[in-house]
Amino acid sequence: VNISTLPSLDAALQLDPPVAIGVSGGKDSQAAALATIHHLNQLGHKGPRILVHSDLGVVEWNDSLPICRELAAHLGLELLIVRRQAGDLMDRWEGRWQSSIRRYSELSTVTLVPCWSTPSMRFCTSELKTHVIQAALKKRYGKQTVVNVTGVRRAESAARAKSTIADFTPQFINWRPIADWSEQEVFAAIDQSGLRPHPAYREFKMSRVSCRFCIMSNISDMQAAAIQPESHDLYHRMVQLEVDSTFGFQGSRWLADVAPQLVQHLAVDAAKSRARARVELEKRITKAMLYVKGWPTRMLTDDEADILAGVRTEMSELFGFNAQHLTRESIHARYAELTSEKERRLAA
Ligand code: SF4
């Protein structure tokens with residue numbers, strides 16, 4: 001097995017730390033688990049080993065959890081299943097839109113915030129996988145350093161090409177044992193083990209298996225996911241959020257366009273026209289008025305307050321919000337209130 005490791009990592013493994021392997025049901029984590037256990041056995045590692053699956057809820061394929069269970073049974077390991085307490089990923093995206101409406105209505109933000117995660121703001125991964133898994137491992141292993149294994153491969157993307165084999169922090173050693181494997185090597189390892197890869201690869205023809213619809217899926221994967229009957233409830237719920245929010249799932253690429261046979265065209269067309277109107281309205285807000293860290297950093301001029309009042313009035317009508325602060329005076333008062341709140345916080 002051509003495993004990616006380092007002398008410093010192998011030295012750490014000789015101390016028998018707990019090893020936790022993150023498994024999603026996808027092929028890379030399956031292969032990483034097989035490779036890791038093989039390597040640990042060769043080293044004579046005697047520490048605890050577990051598989052950890054963060055269940056993202058309705059966005060998951062039906063087969064993902066069973067595939068993780070089969071892997072755990074094959075390796076004779078415990079499968080620890082963890083979930084975000086405050087709701088699953090779909091709840092998080094919907095909740096973010098509700099919070100965006102509230103923050104816009106009370107003038108805690110200048111523009112509406114998109115509900116979806118993006119490749120540069122992957123709160124879906126950080127909040128629903130990384131944090132949840134790390135919290136569970138800390139709870140279980142206390143202050144011990146845990147080796148946290150993931151199936152990241154450098155060939156997957158330009159961003160992942162920069163991944164190291166391992167990085168060391170006081171609490172975690174993050175190890176990527178199949179960093180240099182090709183896709184063929186991954187499938188070969190799974191086939192050799194006698195396990196089945198997730199059916200979404202060979203039966204549904206998906207190139208990646210993660211969330212059914214991922215913020216980074218290519219169009220053919222999204223189309224392949226959308227035609228599966230098991231995806232339809234999720235597809236409708238996600239399209240409804242696009243319609244309500246006017247934000248396309250992948251920015252300019254709307255999930256609604258991926259399987260047009262499944263959607264209500266009138267509702268989608270109306271949402272896209274509201275999206276264009278929103279963008280036009282936001283163009284009236286000057287760069288100097290936009291949200292920055294520590295906002296508001298100054299009071300607005302009367303002209304700026306008038307612009308914002310006009311934009312907020314039209315936006316409120318466009319979306320049917322009951323937004324406050326629709327006049328120059330009210331906007332000035334709100335900025336003054338926010339500024340003094342900020343000063344109080346800084347003084348505390
Ligand atoms: S699979 Fe995609 S959408 Fe799902 S958590 Fe990962 S990055 Fe986010």
Side-chain angles (χ1 to χ4, degrees), residues 21-32 52-65 67-68 81-97 113-136 148-163 174 176 183 186 197-201 204 206-226 228 230-231 233-235 237-242 245 247-256 258:
I21 308 167
V23 288
S24 64
K27 66 184 188 319
D28 295 333
S29 57
Q30 213 176 359
V52 190
H53 174 68
S54 181
D55 179 356
L56 270 51
V58 296
V59 300
E60 298 267 11
W61 288 104
N62 292 354
D63 284 296
S64 294
L65 188 53
I67 288 283
C68 296
I81 300 167
V82 293
R83 296 182 177 90
R84 176 177 176 264
Q85 290 304 309
D88 73 7
L89 180 51
M90 193 64 220
D91 294 330
R92 177 69 177 94
W93 284 328
E94 288 171 341
R96 192 168 149 93
W97 174 238
V113 177
C115 41
W116 309 108
S117 28
T118 63
S120 60
M121 210 190 7
R122 276 174 62 180
F123 59 84
C124 45
T125 316
S126 60
E127 286 181 24
L128 283 102
K129 289 190 185 173
T130 318
H131 291 177
V132 179
I133 290 176
Q134 289 189 348
N148 187 24
V149 176
T150 52
V152 168
R153 289 188 303 114
R154 288 173 171 152
E156 280 181 286
S157 67
R160 291 196 161 186
K162 299 188 196 108
S163 304
N174 297 305
R176 302 165 192 93
E183 192 175 319
V186 166
H198 198 296
Y201 294 108
F204 307 167
M206 300 286 295
S207 69
R208 288 176 62 236
V209 172
S210 44
C211 295
R212 286 187 180 117
F213 303 101
C214 168
I215 53 165
M216 293 183 291
S217 295
N218 61 33
I219 183 73
S220 59
D221 272 358
M222 296 227 277
Q223 285 164 338
Q228 291 305 319
E230 69 162 79
S231 305
D233 285 352
L234 174 66
Y235 181 78
R237 199 166 152 190
M238 292 179 76
V239 169
Q240 188 61 49
L241 184 54
E242 286 183 318
S245 70
F247 287 98
F249 179 52
Q250 291 183 342
S252 57
R253 186 190 280 158
W254 285 51
L255 204 51
V258 166

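Numbers here are sequence positions counted from 1. Whatever order the structure lists ligands and atoms in, that order sets their numbers, starting from 1.
With hydrogens and angles disregarded, a donor-acceptor distance shorter than 3.5 Å links the side chain of H53 to the backbone of V23. Without hydrogens or angle criteria, E242 side chain to A256 main chain gives a donor-acceptor distance under 3.5 Å.
When hydrogens are left out, the protein atom nearest atom 8 (Fe) of ligand 1 is C124 SG, 2.4 Å; that is the closest non-hydrogen contact. Shortest contact from atom 7 (S) of ligand 1 to any protein heavy atom: T125 OG1, 3.6 Å. Ranking the protein heavy atoms by distance from atom 4 (Fe) of ligand 1 puts C211 SG, 2.3 Å first. Of the protein's heavy atoms, C214 SG, 2.3 Å lies nearest to atom 2 (Fe) of ligand 1.
N218 and R253 are not linked by any side-chain donor-acceptor pair at a separation below 3.5 angstrom, with hydrogens and angles left out of the test.
With L128 as the partner, the side chain to side chain contact (heavy atoms under 4.5 Å, CB included) test is satisfied by one option alone out of D55, I133, V59, L56: L56.
At a heavy-atom distance under 4.0 Å, no atom of L128 approaches ligand 1.
Between F249 and W93, a ring centre-to-centre spacing shorter than 6.0 Å is recorded.
Residue Q134 holds its CD atom at 6.5 Å from CG of N174, rounded to the nearest 0.5 Å.
Near S210, meaning under 4.0 Å from any of its heavy atoms, are these atoms of ligand 1: 1 (S). Below 4.0 Å from some heavy atom of L56 lie the following atoms of ligand 1, by number and element: 5 (S).
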